[in-house]
2 protein chains.
Amino acid sequence: MSDSKPAVQCGIEEALSVIGDRWSLLIVRDVLRGVNRFDSLQDSLQISRNILTQRLSNLEEAGILVKAPIKSGARRMLYNATPKCLALVPVLVSLIDWSTHWSEKTNARWSRVIDKRTGEAVRVDLVNKEGEPVSLLDLDLKY
Amino acid sequence: MSDSKPAVQCGIEEALSVIGDRWSLLIVRDVLRGVNRFDSLQDSLQISRNILTQRLSNLEEAGILVKAPIKSGARRMLYNATPKCLALVPVLVSLIDWSTHWSEKTNARWSRVIDKRTGEAVRVDLVNKEGEPVSLLDLDLKY
DNA sequence: TAAATAAGTTCCAAAATGCAACTTAATCGC
DNA sequence: GCGATTAAGTTGCATTTTGGAACTTATTTA
């Protein structure tokens, strides 16, 4: 009996093995903004239908989305975000932050994640156990 | 003259168009932990050499890595992180955080990003403009 | 100065992705 | 209630991307 895959070595690899393809995070983004039907996802993303089928079923299997009929017994489906999906928001926000600061294509009309209570954009901060900000220059990657 | 690619609609797409494949973020992780030679990257990642060549040149072109000979005129190369690369740390940390909380495979030996001054693991926080924490439940994705 | 090494490149095989047409059942309009 | 439309896929094939192993070329090292 030989291992089919080498053991995952770190959380980055582990996460990427689930959402590290060209489509999954975009599907997550769309579902979180309420695009939660097969055809509307296809329209929004311009993804090919068979790949969308595959990705949705991967995300469901990973516990990131749940599929349910619009009402019991119906054929129309809704894909909804689980808490595990919502927990990906910091990943999305850190990607948005990075593009905002470092892409020459940055556009003010781009989607942002906002605090409903204030309407203000939310960002991501690196902090220590106590919640105090940590500078990028003080970091080290331990393996 | 027709557009070769549809315009990018959001920072998430923009970021993923640069680092959204199965290898780029792992290369970034490795370079940040000091794995910065062609052969050591190949050993560490078990990536095929031609793909590694491609990815490194994409990352260089994107301003994420810089390639330089070990000493001037030499053939041995070093791939080094730019500030734009270092700015990806919050993305890496948010992925690590997500795996830590939501993967059943979580392993304490997995790599972490630590604060050099204290040796403590660093995490990512969602905050508003004032740096105050914002709950996942108060968020909205605006498009 | 011969042997080993680093950094690729090349060629081919395999896998993933994309496209368009087709299927099937549910739902809508009348 | 019934025919037309729609939603959610599936299927088959073409294209693109990835992977693997051997080869190249210049550079170090012994």
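Nothing here was measured: the structure is a model prediction, and the numbers come from that model. Note on naming: letters A, B, ... go to the chains in the order of the sequence lines (proteins, then strands), and numbering restarts at 1 for each one.
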Closest nucleotide among [options] to the [X] side chain:
| X | options | answer |
| --- | --- | --- |
| B:Phe38 | C:dA7, C:dC19, D:dT10 | C:dA7 |
| B:Arg75 | C:dA25, C:dA6, C:dG18 | C:dA6 |
| A:Asp39 | D:dA7, D:dT18, D:dG20 | D:dA7 |

| query | Near B:Lys116 NZ, under 6.0 Å, is it more than 12 heavy atoms from other residues, nucleotides or ligands? | reply |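 More than 12 heavy atoms, drawn from other residues, nucleotides or ligands, come within 6.0 Å of this atom.
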| Should we say atom CD of B:Glu61 is surrounded by more than 12 heavy atoms from elsewhere, each under 6.0 Å from it? |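 At most 12 heavy atoms, drawn from other residues, nucleotides or ligands, come within 6.0 Å of this atom.
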Looking only at side-chain N and O atoms, does [X] come under 4.0 Å of OP1 or OP2 in [N]?
| X | N | answer |
| --- | --- | --- |
| B:Trp23 | D:dG19 | yes |
| A:Arg37 | D:dA8 | yes |
| A:Tyr79 | D:dA7 | no |

| message | If you assign each of A:Ala74 and A:Gln46 to its closest nucleotide in DNA chain C, which residue comes earlier from the 5' end? | response |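 With A:Ala74 and A:Gln46 compared, the 5'-side residue is A:Gln46.
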Round to a whole Å and report the spacing from [atom1] of [X] to [atom2] of [N].
| X | N | atom1 | atom2 | answer |
| --- | --- | --- | --- | --- |
| A:Met77 | C:dT27 | CE | C1' | 14 Å |
| A:Asn58 | C:dA16 | CG | P | 11 Å |
| B:Gln54 | C:dT10 | CD | P | 13 Å |
| B:Gln42 | D:dT18 | CD | C1' | 14 Å |
| A:Lys67 | D:dG9 | NZ | C1' | 8 Å |
| A:Arg22 | C:dT17 | CZ | C1' | 8 Å |
| A:Ile51 | C:dC19 | CD1 | C1' | 11 Å |
| B:Leu52 | D:dG20 | CG | P | 13 Å |

| Does B:Asp30 have any side-chain hydrogen bond (donor to acceptor under 3.5 Å, both in side chains) partners at least two apart in sequence or in another chain, and if so, which? |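 B:Asp30: side-chain hydrogen bond (donor to acceptor under 3.5 Å, both in side chains) contacts with B:Arg33, B:Ser44.
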Pair of N/O donor and acceptor under 3.5 Å linking [N] base with [X] side chain:
| X | N | result |
| --- | --- | --- |
| B:Asn50 | D:dG20 | yes |
| A:Arg76 | C:dT27 | no |
| B:Arg49 | C:dA7 | yes |

| query | Is the closest side-chain heavy-atom distance between B:Asp21 and B:Arg55 below 4.5 Å? | reply |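 Side-chain contact under 4.5 Å: yes.
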| query | Any side-chain heavy-atom pair from B:Leu45 and B:Arg29 closer than 4.5 angstrom? | reply |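 Yes, side chains in contact.
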